[in-house]
There are 2 protein chains.
Amino acid sequence: MSWTVGELARLAGVTVRTLHHYDRIGLVRPSARTSAGYRSYDGRDLDRLQQVLVYRELGFPLEEVATLLDHPDADPVAHLRRQHQLLRARLERTQAMVAAVEKEMEARQMGIQLTPEERFEVFGDVDPAQYDAEAEERWGETEAWAESRRRVSSYGKDDWLRIKAEAADVERRLAEALRDGVPADSPRALDLAEEHRRHISRWFYDCPPEMHAGLGRMYVEDERFTAHYEQLAPGLAQYVSTAVQANAARQG
Amino acid sequence: MSWTVGELARLAGVTVRTLHHYDRIGLVRPSARTSAGYRSYDGRDLDRLQQVLVYRELGFPLEEVATLLDHPDADPVAHLRRQHQLLRARLERTQAMVAAVEKEMEARQMGIQLTPEERFEVFGDVDPAQYDAEAEERWGETEAWAESRRRVSSYGKDDWLRIKAEAADVERRLAEALRDGVPADSPRALDLAEEHRRHISRWFYDCPPEMHAGLGRMYVEDERFTAHYEQLAPGLAQYVSTAVQANAARQG
DNA sequence: GGAACAGCCTGACGCCACGTCAGGGTCAAG
DNA sequence: CTTGACCCTGACGTGGCGTCAGGCTGTTCC
């Protein structure tokens, strides 16, 4: 499958001019051109554009996005982890701003004057793409983590095999529990769900119970995820979904 | 109290250059100059700057911010309402992006390929300051509301007096309940709390129970809000806080 | 088969919201 | 009365595109 500029632009919600620009600066280049010189984007170009758009949305300058994406030892999953983290930071910031506006309204209603410091405190670290101090820290944290992972990840393929095997193991035991008639909200099922959650947290991204519950819902709402489980055992998708959500309730 | 450029810049988390720029384009002008030509900002300039920064953060072009803020029949509360609404929209959008990243991660882990449409759907309406279609709608909604309020608000002062009187009435009845020894988690107290919530929702901004609970917490955590209630009756701040939160639990 | 129309191309200039000097005045402390 | 932090006003630069202009491509419909 391949796309023309116009198609991709519509798909991604950007203008053609933007894609031209990204091509010129080498940020997202079409993998091919037609004989007439038309840009032709393929699946991997889409991958790339998606990553770019997330980072852009987060306020990174394009040049930095380029160096990030072209950095050799940052695999796709690492980027997703990072984006996830930054988005959550942004969520917090927006929530803080919402709270600030609410506070201001409430203060007005009561005829209370807030101090200037208070009123501006939410604008402190405006820039989402933080380089400064605090960001170093955040980066450092991620970098430390990346380092500790890079060691393990240096034998790459084996590592992935182990992760996959671990996941398959949890899934197999969940299927067994289902087959044995163990209720989805029993301690045994919940423990397996918790193992599932820890596996994700360990290898992919920090996944607190609440988020895990969200994934659980997805397993029955999105047919492709459903299919993944159903092909292991009929009824497993619903089973896992229930167990995961029950476990989240237990943990929270 | 007045501030120099540098002071205000530090306070508001912007650069001096930015303030110069806002002065030049007439967006935020210092209300005075010293004999030496130094800019001197007062309290109302801070108000203005704060409003500007919120709108800027929301992605509005500065020129539009100017017309918004200089619009005659948009009082401060109307702006706060609007900002609140826009921030909540942004919150939803960010949550959607977080969810999208999580889905992508999960898909990768399972070896599932998402469709291009899915992967980009979150980038649909990128611009926070939406003019297009959907925005018209949102604006329309706000405008309709503004209209219906403008009528009431046309006799302005009276209106405000009524709002204040209504608020005072609820507060008085809460104080009475406290004096009469009615428990803060009793139906009577909860009903008064609910009245309080409706009053806010009606005159200020949509305030669902959950948000109301947040306000309740603030009443005991922020001394000035505490003082507001304590001066009506000792113990009232805690009483209202408890009632409001209990009511939120009841409603939710 | 040709005309119309949507879509693609490459310059090139414009614009917004500042960043970044340059060159020079102001002011409180020592 | 000097030092150093802070202030002023130009003026130019930059990032991330928007917006023509002028011209080629490709499908569709008569």
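Here the structure is a predicted model, which means the values were calculated and not measured. Letters A, B, ... are given to chains in the order of the sequence lines, protein chains preceding strands, and every chain is numbered from 1.
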Upstream residue (5' side of DNA chain C) when A/Y38 and B/S35 are each assigned their closest nucleotide: A/Y38
Between OG1 on residue A/T94 and CG on residue B/L87, distance to nearest 0.5 Å: 7.0 Å
Residue B/H20, side-chain heavy atoms: nucleotide from D/dC8, D/dC17, C/dG19 that is nearest: D/dC8
Listed nucleotide nearest any side-chain atom of A/P61, set D/dC7, C/dC9, D/dG16: D/dG16
Side chain of A/R33 (C-beta onward), nearest among C/dC9, C/dA12, D/dC8: C/dC9
Between P of C/dC9 and NE2 of A/H21, the distance in whole Å: 16 Å
Gap between atoms CD and C1', on A/E7 and D/dT27 respectively (whole Å): 14 Å
Whole angstrom value for the distance that separates C1' of C/dA17 from CG of B/D23: 15 Å
Of the listed nucleotides C/dC18, D/dG18, C/dG19, the one nearest the side chain of B/T15: C/dG19
Atom pair distance, as rounded to whole Å: CD in A/E64 and P in D/dG15: 13 Å
Contact check, side chains of B/H20 and B/V16, non-hydrogen atoms, under 4.5 Å: yes
Length of the line joining A/L19:CG and C/dC8:P, which is rounded to integer Å: 10 Å
Side-chain N,O (A/T34) to OP1/OP2 (C/dC8) below 4.0 Å: no
Distance, rounded to the nearest Å, where B/E63 contributes CD and C/dC18 contributes C1': 16 Å
Between C1' of D/dC6 and CZ of B/R10, the distance in whole Å: 10 Å
Short side-chain N/O contact to D/dT9 OP1/OP2 from B/R24, under 4.0 Å: no
Per B/T4 side chain, nearest of listed nucleotides D/dC7, D/dT9, D/dT25: D/dC7
Distance below 4.0 Å between B/T18 side-chain N/O and C/dG19 OP1 or OP2: yes
Check: A/Y41 and A/L49 side chains under 4.5 Å, non-hydrogen atoms: no
Residue whose nearest DNA chain C nucleotide is more 5′ - B/A36 or A/R39: A/R39
Pairwise distance CE(A/M1) to CG(A/L46) - rounded to 0.5 angstrom: 9.0 Å
Aromatic ring pairing B/H79/B/Y55, orientation class (parallel under 30°, perpendicular over 60°, tilted between): perpendicular
Sugar-phosphate, base or nothing in reach of A/I25, heavy atoms under 4.0 Å: nothing
Length of the line joining B/L8:CG and D/dC6:P, which is rounded to integer Å: 15 Å
